[in-house]
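One structure is given here, and the rest of the page talks about it.
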Number of protein chains: 2
Amino acid sequence: MTTPLDLDQLQSFCAIADCGSFTEAARRVNKTQSAVSMQIKRLEERLGQALLSRDGRTVALTEYGDALYARARRMLRINAEIMDVFSDGDLKGSIRFGVPDDYAVRLLPVILSSFQRTHPKIVVDVRCQPSEELLDGMKKGRYDLIVFTQGTNHEYGEMFRTERMFWVASHGGQALATEPLPIAGGLHCCWKENAVEVLNRIGRDYRIAYTSSNAMAIASAVLTDLAVGFLPESALQPGMRVIAEDKDLPRLRDAEIAIMRASHAYGGIYDALASHIVASMGNLDGKDSLPMAAE
Amino acid sequence: MTTPLDLDQLQSFCAIADCGSFTEAARRVNKTQSAVSMQIKRLEERLGQALLSRDGRTVALTEYGDALYARARRMLRINAEIMDVFSDGDLKGSIRFGVPDDYAVRLLPVILSSFQRTHPKIVVDVRCQPSEELLDGMKKGRYDLIVFTQGTNHEYGEMFRTERMFWVASHGGQALATEPLPIAGGLHCCWKENAVEVLNRIGRDYRIAYTSSNAMAIASAVLTDLAVGFLPESALQPGMRVIAEDKDLPRLRDAEIAIMRASHAYGGIYDALASHIVASMGNLDGKDSLPMAAE
DNA sequence: TCCCGATCATCAAATTTCGTGATGGAGAAG
DNA sequence: CTTCTCCATCACGAAATTTGATGATCGGGA
């Protein structure tokens, strides 16, 4: 036989990878910094490879660390799933949960209702805001757990889904042919940056015709032919026309959806919600995105 | 936080589920029987549910045990995968590996060559035989690890793939229209049973026209219109015509492909090969595979 | 029916493992 | 240059686990 790895070590390892710090990770897993340090030491000894490169201030994953991370995450997800199955609805408490409003409309109702069914005693207090504001609110301690779009903001979070971004216009509308191109998007929307960058690259003139932090407002701006918008796949609505990529406008970068938690929001009800969300809408789950054996 | 489960306990748990015995499981995981017993006790305490029902002689999974087994197996698979990635070809030894010859033809070469690439120091000694004989050879200690088709033989193994079974005939042949229906199959082929049963059910007369333990021979019997055969999806060959189900012949039961190991063949190189096979050709990976409580 | 063999649970002792708090060194910021 | 933060390390003590022995239970064979 060979004794299996220690999930506790892997949890610490993932925590470090997520937040880039031993000290912070230690807080998250309720241990002292030295305990975490030794766990990693043992893990590295066990696997015979350096997993984390400590260059002075910053802690980063090595190639091997990368390969491990993806798999460790999968294991921890399953672990959370098990704990979830066995906590027969006896979990209770409340969670202050934030989500960008474009997701709220479509995906959220089904996800939360099925969660409510399995965890009737957990009250989920939902607030919808743009990602930027969610992150801000998180910093101020107003959320326990948020789903947000990892954009330019270099915030760490556990990524669990990528989403195609599309340029959309109304059916039969003129907006696309207008010069300069009228575009619509959230003011702080982290996708705007990519959209603008893409437009600059192809030298297309544009103007921001409409801005709102409310996704519904953007959608209606598009539907009424006020402007061309850029939306994630799951926010597309009937009546919208997706603009073929490379035809008029180049393809946008995929959006990366991640979960972020307050430092106290680990384990118990928080894991239950997080794993439920990941299981329901995660899409990069299956195999690991990347690396096989390193070099 | 909440400390994750102990993979070591889960390993013992799965071992028990696989072989239906604490004592035997203890041997497999290199522990004493009492250690295993206490591990399960702790695991059950931790999850707050009975996982194994001990009715006198027999040990069986409870409903909760069932739910756990599938997930624990997934975790252990990932664990093996990790160990595999990190054992940089420093694993060495030889494995006596058996596989039914119908699989050997198509899938085996690619699987084994990629295995050879990542584990150059492991010598895989392949022998091809029908499942029945593989099981027999396993009992006699002639194999370390086999892939076989779980049929009527109530042998426990870790199932990792199901395969559609098809009735096949040659293109433009007469065999299908012949009365009684001439069929071809391995003598001890565990699928034959199902095929015959299906024919009896619809009252179709048949005769066994051709029998051989060599899959190639069966295939050529079909191709030369000597008989109608029944083959797994991955043994289909160009020139064969799949008979639409429910038209002339009812659908066959899916074949269940499983891995079985000798009692010493756990850990190290054996895990490496087993996890490679499962990763390469497993198809019921994602969600749970079935637990195989052996009575 | 009675005994034997095998199986699983339990116990206390021994051992191993693990976490803690303190300490030290190294790098970054002021 | 000093100070702060961060990670590694150490020795000690606590906790968890394994062990070997023992007991209880169940089936099979005589």
Side-chain angles (χ1 to χ4, degrees), chain A residues 1-62 64-65 154 156 263 266-267, chain B residues 1-62 64-65 156 263 266-267 293-295:
Chain A
M1 56 95 235
T2 319
T3 49
L5 296 173
D6 183 351
L7 270 191
D8 202 45
Q9 291 173 6
L10 293 178
Q11 188 182 54
S12 297
F13 168 74
C14 286
I16 296 173
D18 284 341
C19 69
S21 152
F22 280 57
T23 314
E24 169 60 20
R27 258 190 293 277
R28 291 196 184 177
V29 297
N30 276 357
K31 292 196 166 60
T32 58
Q33 171 266 322
S34 68
V36 169
S37 184
M38 299 189 75
Q39 280 191 310
I40 299 304
K41 185 183 177 182
R42 284 193 289 270
L43 185 59
E44 288 182 322
E45 264 167 19
R46 175 79 198 277
L47 294 175
Q49 295 291 346
L51 302 170
L52 297 166
S53 72
R54 300 80 150 168
D55 305 337
R57 181 80 15 161
T58 58
V59 178
L61 289 174
T62 65
Y64 281 97
H154 287 292
Y156 38 79
S263 60
Y266 286 83
Chain B
M1 56 93 235
T2 322
T3 46
L5 295 174
D6 182 351
L7 268 192
D8 201 46
Q9 291 173 5
L10 293 178
Q11 188 183 52
S12 298
F13 168 73
C14 286
I16 296 173
D18 284 341
C19 69
S21 153
F22 280 58
T23 315
E24 169 61 20
R27 258 189 294 278
R28 291 195 184 178
V29 298
N30 276 356
K31 293 197 164 57
T32 57
Q33 172 265 322
S34 66
V36 169
S37 185
M38 299 196 79
Q39 280 191 310
I40 300 304
K41 186 182 175 180
R42 284 192 292 271
L43 185 58
E44 289 182 321
E45 264 167 17
R46 174 80 198 277
L47 294 176
Q49 295 291 345
L51 301 170
L52 297 165
S53 71
R54 299 82 151 167
D55 304 336
R57 182 79 17 160
T58 59
V59 177
L61 289 173
T62 64
Y64 281 97
Y156 39 81
S263 61
Y266 286 84
E295 37 78 67

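The structure presented is a predicted model; accordingly, all values stated were derived computationally and were not measured. Computation of the quantities below employed the complete heavy-atom set of this structure, encompassing side-chain atoms and omitting hydrogens, waters and symmetry-equivalent molecules. In what follows, chains carry the letters A, B, and so on, assigned in the order in which the sequence lines appear, proteins first and then strands, with residues in each chain numbered from 1.
Heavy-atom contacts of chain A under 4.0 Å fall on DNA chain C between two terminal nucleotides, which in 5' to 3' order are dC18(C) to dA28(C).
Shown here for C19(A) and A25(A), the closest heavy-atom pair between the two residues is SG-N, 3.7 Å. Smallest separation of non-hydrogen atoms from T62(A) and A50(A): OG1-O, 2.8 Å. The shortest non-hydrogen separation linking D8(A) to P4(B) is OD1-CD, 3.2 Å. Of all the heavy atoms in S12(B) and I40(B), the pair that sits closest is C-CD1, 4.4 Å. Heavy atoms only, all atoms of each residue included: L51(B) and E44(B) are closest at N-OE2, 2.8 Å.
Looking at heavy-atom distances under 4.0 Å, V36(B) makes no contact with the nucleic acid at all. If you check every strand for non-hydrogen atoms under 4.0 Å, S34(B) touches a base. Across all strands, N30(B) comes closer than 4.0 Å to no nucleic acid atom at all (heavy-atom distances).
Taken over five-pair windows at either terminus, the axes of the helix from dT1(C)-dA30(D) to dG30(C)-dC1(D) are inclined to one another by 30° (rounded to 10 degrees).
Along DNA chain D, the nucleotide nearest Q33(B) and the nucleotide nearest M38(B) are compared for position; the residue whose nucleotide lies closer to the 5' end is M38(B). Checking R27(B) against K41(B), the closest nucleotide of DNA chain C that is more toward the 5' end is the one next to R27(B).
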### Query
Can you check side chain to side chain contact (heavy atoms under 4.5 Å, CB included) on D6(A) and F13(A), steps first, answer last?
CA-CA 11 Å; D6(A) 183 351; F13(A) 168 74; over 6 Å; no

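In the set dT17(D), dT18(D), dC7(D), dT18(D) carries the atom at the smallest distance from any side-chain atom of Q39(B).
Put simply, CD on Q9(A) and CZ on R46(A) are 8.5 Å apart, with the number rounded to the nearest 0.5 Å.
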